[in-house]
Amino acid sequence: MQSNKDKANFFDKVYEVVYRIPHGRVTTYGAIAAYLGSRGSSRMVGWAMNHSHKASPGIPAHRVVNRQGVLTGKHHFGSPAMMQQLLENEGVIVEDDQVVDFREKFWDPSRNIDDA
DNA sequence: GGTGTGACCAGCT
DNA sequence: AAGCTGGCCACAC
């Protein structure tokens with residue numbers, strides 16, 4: 001079982017989750033990794049974002065931040081201020097590279113994706 | 001084909 | 001209390 005499509009389980013799932021992040025909302029690498037069933041694979045989620053623009057252009061990677069709500073990968077958007085600008089553009093306030101009211105803006109995949 | 005690295009997280013010292 | 005190491009999976013050389 002698990003035909004040839006099973007190959008990109010984790011990776012592909014990451015893109016799907018990120019795509020489903022609503023505007024003005026943010027999620028964390030660990031949350032996605034945990035949703036996929038592996039909290040230890042949080043690094044893979046970040047790595048996936050690294051190639052997200054080449055694998056699937058249009059991925060709102062700026063909505064993905066670390067556990068603290070800090071824009072860890074802001075430097076990977078071409079411009080360090082780009083990620084913050086994108087978030088603020090969606091209504092997410094970022095201060096000192098950190099998402100304000102991160103708890104409120106946090107979007108849990110395992111809790112909302114199922115309802116969507 | 002082995003080694004190293006990577007936008008992390010959590011536990012141990 | 002804070003710093004560091006380990007662990008996870010996938011890609012590049």
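Please read all numbers here as calculations on a predicted model, not as lab measurements.
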Mind checking [X] for me? I need base, sugar-phosphate or nothing, with any heavy atom below 4.0 Å counting as a touch.
X	answer
A:N66	sugar-phosphate
A:A48	nothing
A:R67	sugar-phosphate

Check your understanding: Between the side chain of A:Y15 and the main-chain N/O of A:A48, is any donor-acceptor distance below 3.5 Å?
Key ->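 Confirmed, A:Y15 side chain pairs with A:A48 backbone.
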Point to revise | Under-3.5 Å donor-acceptor pair between A:R43 side chain and C:dC8 base | key: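 Such a pair exists between side chain and base.
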Review point. Is the base of B:dC8 touched by the side chain of A:S42 through a donor-acceptor pair closer than 3.5 angstrom?
Key: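 Yes.
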Starting at atom [atom1] of [X], determine the distance to atom [atom2] of [N], rounded to an integer number of angstrom.
X	N	atom1	atom2	answer
A:Y35	B:dC8	OH	P	22 Å
A:H51	C:dA12	NE2	P	6 Å
A:H76	B:dA7	NE2	P	4 Å
A:M44	C:dC8	CE	P	11 Å
A:I32	B:dA7	CD1	P	16 Å
A:L36	B:dC9	CG	P	14 Å

Check your understanding: Do other residues, nucleotides or ligands put more than 12 heavy atoms under 6.0 Å from the NE2 atom of A:H75?
Key ->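 No.
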Check your understanding: Are OP1 or OP2 of B:dC8 and a side-chain N or O of A:T72 less than 4.0 angstrom apart?
Key -> yes
